[in-house]
Amino acid sequence: MTELPRNPFLPPPVEVTPEEVVEPDPVLGDEIEVTGPSSPVHAPRIEAKSPTALMGDADADVPTGRVALVGLHGGAGVSTLETLLGDDVVDAGTRMPAVNPYVPGRPRVLLVARTHDRGLSMAEEVTTAWSHRELPDLDVIGLVLVDDGPKLTAAMRQSVSRLLRMTPHGWHIPWVEAWRTSATPSLSGVRLPRTIKSIRRAVGAPESSKGPSS
């Protein structure tokens with residue numbers, strides 16, 4: 001079949017790369033990132049709970065200038081996120097970072113959990129602790145909830161939507177089947193690459209810590 005010449009009065013076709021193809025999020029719709037309070041909104045509780053004790057691990061050392069990816073339970077997806085986010089982050093496992101007395105400022109933390117019952121319960125515990133000023137030594141950037149399966153129940157979707165708005169920033173990463181079978185996840189062909197890009201912007205070095213521009 002002979003290909004017809006392109007109409008010169010029409011704009012040229014736009015080539016869409018895999019990184020620009022975005023499917024609606026099953027929880028957030030067209031939103032890539034949601035926001036919540038920029039600082040804790042509740043007074044300290046009389047019987048405070050330590051998130052570190054909740055997760056049962058000691059403090060972790062985090063290199064200067066890096067953001068600690070803290071899994072709120074085992075298997076939260078921290079290692080995968082570290083691979084995707086690059087050099088601005090470090091995998092802290094399930095350990096809250098320790099304050100370095102020789103470095104000004106508080107350690108920056110990104111909380112990570114799965115969307116199963118255990119993950120959502122831990123996200124509830126720790127974000128509630130943050131909102132009650134029980135993480136005074138940490139700068140919590142936000143929460144990332146990573147799907148543990150291809151479909152969420154209505155109750156799970158409701159919990160995810162609410163929890164993502166409990167800290168300064170919230171991101172939801174839907175199930176990506178290719179990451180389940182790949183030992184080295186990549187950005188190539190993922191369904192929601194703009195989610196990863198949004199997180200990468202958030203974990204980048206703060207303006208105050210950047211050197212002068214040339």
Side-chain angles (χ1 to χ4, degrees), residues 33 36 38-40 48-148 160 163-164 166-173 176 179 182-187 195-206 208-210:
E33 170 190 344
S38 58
S39 59
K49 290 185 179 181
S50 166
T52 301
L54 286 172
M55 291 181 284
D57 283 304
D59 290 346
D61 293 324
V62 177
T64 303
R66 309 276 284 281
V67 171
L69 298 178
V70 178
L72 302 187
H73 54 86
V78 169
S79 298
T80 297
L81 272 181
E82 182 188 34
T83 300
L84 296 171
L85 297 177
D87 295 336
D88 288 325
V89 302
V90 61
D91 181 349
T94 56
R95 300 174 296 172
M96 290 291 183
V99 175
N100 187 336
Y102 302 103
V103 177
R106 297 172 297 172
R108 302 174 70 213
V109 170
L110 185 60
L111 308 173
V112 185
R114 293 282 184 178
T115 55
H116 51 46
D117 182 71
R118 169 68 173 165
L120 294 176
S121 295
M122 289 305 301
E124 180 85 44
E125 293 262 20
V126 178
T127 57
T128 298
W130 176 82
S131 72
H132 282 278
R133 307 172 191 272
E134 292 165 18
L135 293 173
D137 298 327
L138 301 176
D139 179 6
V140 175
I141 297 172
L143 171 68
V144 180
L145 291 176
V146 185
D147 279 359
D148 69 308
V160 169
L163 289 168
L164 292 180
M166 289 186 67
T167 59
H169 302 275
W171 296 271
H172 172 237
I173 300 180
V176 180
W179 292 354
S182 173
T184 308
S186 70
L187 291 176
T195 303
I196 302 299
K197 290 181 181 179
S198 177
I199 301 173
R200 292 185 72 173
R201 285 193 296 270
V203 301
S208 60
S209 69
K210 295 179 180 179

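When reading the values below, keep in mind they use all heavy atoms of this one structure, side chains included, and skip hydrogens, waters and symmetry mates.
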>> Give me the atom names and distance for the closest heavy-atom approach of Val203 to Arg108.
In response: O-NH1, 3.5 Å
>> How long is the straight-line distance from OG1 of Thr127 back to CG of Leu111, given to the nearest 0.5 Å?
In response: 8.0 Å
> Does Arg114 reach the main-chain N or O of Gly75 with its side chain, forming a donor-acceptor pair under 3.5 Å?
Replying inline: yes
> Restricting to pairs with a member in residues 75-94, which pass ring pair (Phe, Tyr, Trp, His ring centres under 6.0 Å), not counting sequence neighbours?
Replying inline: none
> Donor-acceptor pair, Ser38 side chain versus Pro168 backbone, under 3.5 Å?
Replying inline: no
> Looking at residues at least two apart in the chain, or sitting in another chain, which of them share a side chain to side chain donor-acceptor pair (under 3.5 Å) with Trp130?
Replying inline: none
> Can you name the closest pair of heavy atoms from Gly74 and Thr94 and give their distance?
Replying inline: N-CG2, 3.9 Å
>> Let me confirm one number: the OG1-CG distance from Thr80 to Asp91, rounded to the nearest 0.5 Å.
In response: 9.5 Å
>> Going by the rule side chain to side chain donor-acceptor pair (under 3.5 Å), which residues pair with Ser121 if we only count those two or more places apart in sequence or in a different chain?
In response: none
> Out of curiosity, Ile199 CD1 to Ile173 CD1, how far, rounded to the nearest 0.5 Å?
Replying inline: 4.5 Å
>> Is there a side-chain contact between Leu85 and Arg200 in this structure, where contact means two heavy atoms from C-beta onward sitting under 4.5 Å apart?
In response: yes
> Do Pro107 and Asp137 touch side chain to side chain, with heavy atoms closer than 4.5 Å?
Replying inline: no
>> Testing the basics here: between Val78 and Gly93, what is the closest heavy-atom pair and its distance to 0.1 Å?
In response: CG2-O, 4.4 Å
> Which atom pair, heavy atoms only, marks the closest approach of Leu72 to Ala123?
Replying inline: CD1-CA, 3.6 Å
> Mind checking whether Glu33 and Arg201 have side chains closer than 4.5 Å, heavy atoms only?
Replying inline: no
>> Show the nearest heavy-atom pair for residues Ala92 and Ala68, with the distance to one decimal.
In response: CB-CB, 4.1 Å
> Are the side chains of Val140 and Val126 in touch, meaning some heavy atoms are under 4.5 Å apart?
Replying inline: no
> Distance from Thr115 atom OG1 to Leu145 atom CG, nearest 0.5 Å?
Replying inline: 7.0 Å
> Roughly how far, to the nearest 0.5 Å, is the CZ atom of Arg66 from the CG atom of Asp87?
Replying inline: 6.0 Å
>> On a heavy-atom basis, which atom in Val112 and which in Gly77 lie closest, and how many Å separate them?
In response: CG1-C, 4.5 Å
>> Working to the nearest 0.5 angstrom, can you tell me the gap between His172 NE2 and Thr195 OG1?
In response: 9.0 Å
> Which of these, Leu143, Leu110, Val146, Leu164, sits in a side chain to side chain contact (heavy atoms under 4.5 Å, CB included) with Trp171?
Replying inline: Leu110
